[in-house]
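No experiment lies behind these values; they were computed from the predicted model shown. Proteins get letters first, then strands, A, B, ... in listed order; numbering begins at 1 in each.
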Amino acid sequence: MTDLLANLNPEQLAAVTLPAEPALILAGAGSGKTRVLTTRIAWLIQTGQVSPAGLLAVTFTNKAAKEMLARLTAMLPINTRGMWVGTFHGLCNRMLRAHFRDAGLPQGFQILDTQDQQSAIKRLLKSLNVDDEKYPPRTVQNFINSAKEQGLRPDKVEAHDPFNRRLVELYVAYDAQCQREGVVDFAELLLRCYELLTFNAAIRDHYQRRFSHILVDEFQDTNVLQYAWLKLLAGHGHNAAGPQPNAVFAVGDDDQSIYAFRGANVGNMTDFEREFQVRHMIKLEQNYRSHGNILDTANHLISHNARRLGKDLRTDAGHGEPVRVYQAGSDALEAGWMVEEIKDLIAGGMLRSEIALLYRSNAQSRIIEHALFSSGIPYRVYGGLRFFERAEVKHALAYLQLLENPENDSAFGRVVNFPARGIGARSIEQLQDAARMANCPLFRAVAYVPGKAGTSLGNFARLIEQMRADTRHMTLPETVEHVIHASGLIAHYQSEKEGQDRIENLQELVTAAQAFVGEEGYRLDAPAFALPLRDGDAAPALPADGEAVIVDDAITAEMTPIVAFLTHASLESGDNQAQVGQDAVQMMTVHAAKGLEFNVVFITGLEEGLFPHENSMLDPGGLEEERRLMYVAITRARQRLYMSFAQSRMLHGQTRYHIRSRFFDELPEHTLKWLTPQQQSYAQQRIGTGGSSSGGWGRDWFKRPDETGYTGTKPTGGMDTGNGYADAKRSEKTGFRVGQSVFHNKFGEGKIVALEGEGADARAQIKFKRHDTKWLALGIAKLDPID
DNA sequence: TGCCGGGTCCTTTTT
DNA sequence: GGACCCGGCA
């Protein structure tokens, strides 16, 4: 045990060895957060306070879960298989698989990823003849997901206007469609599981008794529903199984909350503190990653945020180098400068993989890639399409889905005519009519379509039936192999000139299936264990501590290997790129960099409108989130940090002129070293600003703020600044607020960018999706709020 | 049925 | 600038 706790600093030690009570650990960047979390688990087990089966640890990403398990195995000689360590979605999936009947789901329910969900919604809108100008699939999707993430079923969603009432109707129809087809989207996994625990006392009691310790990683990123789910499992409040709620050990950093835009609620941290009457709050402020100048820069910046729990990172590492700041004439020059710097670094012995190039938005990567490519520096771009999201892979998976579940109309629609087999839009329409008449899935409606269309559809149905028969006794990898050939996918891509990569990906899918079978130990002859808490069980058979593995195997046995593999594919979309292993410069968005660290970090494109992003100003608190994002970016660096910005940049096909980011005005002077003079050189001016002169935020961009009196708070133009709360006040006068989405009968959907005047003079500037940005008089224009 | 061209959109993203 | 979607045409 002494081994386990050796080398922890006093705060870490205190956190690891806290008593079994609610605790909140404020873990700053680079403060050894994962170490504390895993050591805590190991310590709890080793001291006999809990068995591996009696704790639940939840993370956001599969990567984090795997990392935790790997470190745990290194610390303790235990079998981590069957332990409840995973992502929110993974753990909910597991519970739903075990209790599928109680959850009202079919046994082999399939999981929709974001793409699948979008196409399901498109299909729904089409079948209901909904005007997709007024109700774009994206809008409907966001509406449904955000409702679910707040734990709201359609009957609980407040809708005060016709637009929202219609959205609620669509939400109802969408859920019905999913239920009919036996599919579940990501948010549904969580909501369904939450409802399972809410409405089924026996199951709730079971898990509440079982998980005496609950550990949560990245707690600042939890949304309302996830927090509610945790409260249920913890036995907090009136639903408690026993007098004592289970010990929730939440680790998070409010300063690194960068996912509010997708529903994360930092407020969960203070709510948790209050609702669980947290007596143990420990701050981990000792940073083991970055040099002093880098930390000072980060601390200084983040101190400009008003809403913080408060925390200051410190290091023993010494000041180190200053933060280097570079002003470039253009985005191309910025990239060119970076390439030169990188060459020097590499020449000086720096590993390429220890150099990270960060940017705010993906669109910025292209020009940097171009520069790196031209000078022959190997690089790797993170983000973008992942393995299981590729079209050809999705096609193959759709065939597998259809083998398993012929009711899955999404899968049917995806591959009925892919590869092309003469089934066109008209045949599909006939089929849909038939399905509607007979009130059955498309697959079964095939029998009711007469004539030529019926014949080609019949051939397709027979193809699927044949595949199902042929693969009945095959292993999973054999099945995948068979399907990619028998479906005609391989042949199709062979005839396509650009098809070679796709064929390789399909082969890779077979390999993935092999790896999956190997890892998960799926055997077709797996003994079927009885599940606890199944229908008809008089007394729920609660697995005693230590029997976690049995439950896990039971779930495995309930799922066919195909369902298990499909689930794996949806919940874990795979790696992005094949070229792992090579020593390459790392390129990614700041969001993607969270949790990573590098010796050298370049933060690029630090310009007003880009970083902070102009759209962030529409949300209340948006600027603070951008600042946290910047904080995350800075704290990725160990030894050397560069920051750069360009005076002109190609954006959306237009040259735009930006002033440098206001964040520069929030950094301490003494940690920065400007590599460029304040005035750009003549040569830079010529290359950088050549041609266009439109757009921009004004004419002072080429001067430092101290010369112009520019305070860094207000660029010209309609962009609102500051905290966004001022606008919330204005809404009392006009009934509208900045950032609000509205619908106009003529111009369609838009977002309010600015408001001015009051009463009869009140005007709103609205950025319309399908039209230009316009000023409209609120007394005259009829605007419907749509959010 | 399938291909081409025009129109439109464009922050961040995990599951 | 570029990806993606849809509509029109061969």
Practice problem: State, without any angle test, whether A:Y631 and A:Q256 hold a side-chain donor-acceptor pair at a distance under 3.5 Å. | Solution: no
Quiz item: Do A:S661 and A:E607 have side-chain atoms, one donor and one acceptor, less than 3.5 Å apart?
Solution: no
Quiz prompt | Closest non-hydrogen atom pair between A:E389 and A:Q115, with its separation | solution = O-NE2, 3.4 Å
Exercise. I would like to know whether A:S487 and A:F418 meet side chain to side chain contact (heavy atoms under 4.5 Å, CB included); could you show each step before the answer?
Key: CA-CA 9 Å; A:S487 62; A:F418 195 96; over 6 Å; no
Self-check item: C:dC6 and B:dT11, which share atom name C1', separated by this distance in whole Å
Solution: 25 Å
Quiz item: Quick one: A:R656 CZ to C:dG1 P, roughly how many Å, whole number?
Solution: 15 Å
Quiz prompt | Inter-residue atom distance A:R636.CZ - A:M588.CE, 0.5 Å rounding | solution = 10.5 Å
Self-check item: Rounded interatomic separation in angstrom, taking CD1 from A:I121 and P from C:dC5
Solution: 15 Å
Quiz item: On a whole-Å scale, what distance lies between the P atoms belonging to B:dT13 and C:dC4?
Solution: 16 Å
Self-check item: Chi-based syn or anti call at B:dT12, which uses purine or pyrimidine torsion atoms and a 90° bound
Solution: anti
Between the protein and nucleotides 11-15 of chain B, which nitrogen or oxygen pairs are less than 3.5 angstrom apart?
from, atom 1, to, atom 2, distance (Å)
B:dT11, OP1, A:N615, ND2, 3.3
B:dT11, O4', A:H613, NE2, 3.2
B:dT12, OP1, A:N362, N, 2.7
B:dT12, OP1, A:N362, ND2, 3.3
B:dT12, O4', A:R360, NH1, 3.0
B:dT12, O2, A:R360, NH2, 2.9
B:dT13, OP1, A:T589, OG1, 2.5
B:dT13, OP2, A:N362, ND2, 3.2
B:dT14, OP2, A:R386, NH1, 3.2
B:dT15, OP1, A:N62, N, 2.8
B:dT15, OP1, A:N62, ND2, 3.3
B:dT15, OP2, A:R386, NH2, 3.1
B:dT15, O3', A:L571, O, 3.4
B:dT15, O2, A:H89, NE2, 3.3
B:dT15, O4, A:T114, OG1, 2.6

Exercise. Using a heavy-atom cut-off of under 4.0 Å over every strand shown, decide if A:L358 touches base, sugar-phosphate, or nothing.
Key: nothing
Self-check item: Below 4.0 Å: OP1/OP2 of C:dA3 and any side-chain N or O of A:R366
Solution: yes
Quiz item: Out of A:K66, A:H89, A:R386, which residue meets the side-chain hydrogen bond (donor to acceptor under 3.5 Å, both in side chains) rule with A:E572?
Solution: A:K66
